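These numbers were taken from a predicted model, which means no experiment stands behind them.
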Number of protein chains: 2
Amino acid sequence: MKKACQHHHDLAPQDLSSLTSRLRRESRKITGPRAAILEILRHHPHPLTNREIFGELPKGECDLATIYRAMQMLEKLGMVKRFDFGDGAARYELMGEGDDGHHHHLICTQCDTVVEIEECFPAEIEQHIAAKNNFKAVTHRLEFFGICPACQK
Amino acid sequence: MKKACQHHHDLAPQDLSSLTSRLRRESRKITGPRAAILEILRHHPHPLTNREIFGELPKGECDLATIYRAMQMLEKLGMVKRFDFGDGAARYELMGEGDDGHHHHLICTQCDTVVEIEECFPAEIEQHIAAKNNFKAVTHRLEFFGICPACQK
DNA sequence: AATCAGTTGCAAACGATTTGCAATTGAGTC
DNA sequence: GACTCAATTGCAAATCGTTTGCAACTGATT
Ligand SMILES: [Mn+2]
Ligand SMILES: [Mn+2]
Ligand SMILES: [Zn+2]
Ligand SMILES: [Zn+2]
């Protein structure tokens with residue numbers, strides 16, 4: 001009954017080699033920690049916090065600070081998208097090559113279940129808001145919150 | 001040329017007495033720090049961080065921790081609404097009695113200018129998202145970002 | 001004026017994120 | 001395969017926003 005998601009998550013995750021070549025292209029080194037981090041992101045459909053990534057890693061594989069530095073770099077290179085669920089921890093999701101990664105989530109306020117959302121804020125309304133206030137390059141951050149079926153008792 | 005905003009910000013700010021009576025009603029004490037904080041919120045049309053409130057206060061008037069505690073309490077009583085602009089600091093705005101305070105902002109990514117926005121995410125689409133995923137009590141957090149007229153050169 | 005729960009200042013504690021630095025290591029070069 | 005050097009890492013300390021323990025204090029009520 002669940003409709004197929006239209007984001008890259010459904011597609012076979014991009015292979016590691018395409019990811020590492022992107023790094024090489026930017027003259028970044030392919031290190032153990034980085035490969036491990038990308039491997040984890042590749043297999044997760046929803047945004048992960050640095051601590052969650054750290055938890056997925058075999059202990060001793062890599063320092064938490066290294067993950068923070070890696071995610072910063074990956075975000076700068078446009079390889080991951082950063083999300084904010086309002087709980088004080090940044091979350092990252094791998095994004096496809098051309099893709100700008102813009103999309104939204106529906107989060108259960110009780111159990112933190114995350115659903116990828118395909119709907120977006122209507123462009124016409126956004127343009128109207130931008131024009132009315134003489135702003136340029138307007139975009140938005142949008143996340144939905146509610147009670148998931150399982151938590152409804 | 002600027003169109004009138006339709007939020008409570010335009011109306012004369014609610015007077016201190018109506019605010020303090022709300023506190024009294026909840027058997028909270030009207031203290032110097034609290035009155036000073038409310039006074040500041042009353043005169044600010046946009047969300048303020050705790051540190052900004054602290055900065056507005058005459059030095060020595062009140063401890064930062066007291067502000068954190070006051071804002072927590074005011075939020076619990078539904079007297080202020082908390083916003084998140086994604087920069088790691090909570091922001092609070094005074095809200096009217098009946099009002100649930102739900103609204104959005106347009107923030108300049110260069111100078112942090114804030115504009116109050118009256119538009120909201122279309123309810124029908126939100127309902128559709130909720131229904132499709134069997135979520136209940138769905139709401140959203142939404143903020144717009146762009147370059148304000150002054151920062152466009 | 002006496003009473004007492006609610007408040008406050010101050011310092012320490014916290015959790016997420018950043019940073020300095022010396023040791024380590026990819027990845028071309030010979 | 002060894003050589004070289006900038007990029008990277010681990011570790012500890014530092015930052016930042018926020019929370020908390022606690023003893024002193026104060027507003028509201030009697
Ligand atoms: Mn997603
Ligand atoms: Mn506002
Ligand atoms: Zn969108
Ligand atoms: Zn809205």
Q. Roughly how many Å is it from CD1 in A/I67 to P in C/dT18, rounded to a whole number?
A. 13 Å

Q | B/F121/A/F144 under ring-ring contact (aromatic ring centres under 6.0 Å, His included): CA gap, chis, key distance, verdict | A | CA-CA 10 Å; B/F121 189 81; A/F144 299 90; 5.1 Å; yes

All N/O pairs under 3.5 Å across the protein-nucleotides 26-29 of chain C interface:
unit_1, atom_1, unit_2, atom_2, d
C/dG26, N3, A/K29, NZ, 3.2
C/dA27, OP1, A/I30, N, 3.0

Q. What are the bounds, 5' to 3', of the part of DNA chain D that sits under 4.0 Å from heavy atoms of chain B?
A. D/dG17 to D/dA28

Q) In whole angstrom, what separates B/M73's CE from C/dT8's P? A) 7 Å

Q: Find the distance A/F54:CZ to C/dT17:P and express it as a whole number of Å.
A: 14 Å

Q: Test ring-ring contact (aromatic ring centres under 6.0 Å, His included) on B/H105 and B/F83 and set out the steps.
A: CA-CA 9 Å; B/H105 304 89; B/F83 291 95; 4.6 Å; yes

Q: Would you indicate what A/R69 reaches in the nucleic acid, counting non-hydrogen atoms under 4.0 angstrom: base, sugar-phosphate, or nothing?
A: base

Q. Base, sugar-phosphate, or nothing: which does A/E61 touch, judged by heavy atoms less than 4.0 Å apart?
A. sugar-phosphate

(Q) If you define the side chain from C-beta out and look only at heavy atoms, does anything of A/R22 sit under 4.5 Å from A/L77? (A) no

Q) Is there a donor-acceptor pair under 3.5 Å between the side chain of A/N133 and the backbone N or O of A/F135? A) no

Q | B/E26 CD - C/dG6 P separation (whole Å) | A | 13 Å

Q.
Please tell me if A/R51 has a side-chain N or O lying less than 4.0 Å from either OP1 or OP2 of C/dA16.
A. yes

Q.
If you assign B/Y92 and A/P33 each to the DNA chain D nucleotide with the nearest heavy atom, which residue ends up on the more 5' nucleotide?
A. A/P33

Q) Is a salt bridge present between B/E126 and B/K132, judged by a nitrogen-to-oxygen distance below 4.0 Å? A) no

Q. Would one find a side-chain N or O of A/Q72 under 4.0 angstrom from OP1 or OP2 of C/dT18?
A. yes

Q) Using a cut-off of 4.0 Å on non-hydrogen atoms, how would the nucleic acid contact of A/A65 be classed: base, sugar-phosphate, or nothing? A) base

**Q.** Sequence-distant partners of B/D87, salt bridge (charged side-chain N to carboxylate O under 4.0 Å, His left out), two or more places apart
**A.** B/R91

Q) Atom NZ of A/K76 to atom P of C/dT18: distance rounded to whole Å? A) 10 Å

Q) Are B/E93 and B/R82 close enough for a salt bridge, meaning some N to O gap below 4.0 Å? A) no

**Q.** Ion pair B/E75/B/K81, N-O distance below 4.0 Å
**A.** no

**Q.** Distance below 4.0 Å between A/Y68 side-chain N/O and C/dT18 OP1 or OP2
**A.** no

Q: State whether a side-chain donor-acceptor pair under 3.5 Å links A/E143 with A/H104.
A: no

Q. Atom CG of A/D63 to atom P of C/dA23: distance rounded to whole Å?
A. 17 Å

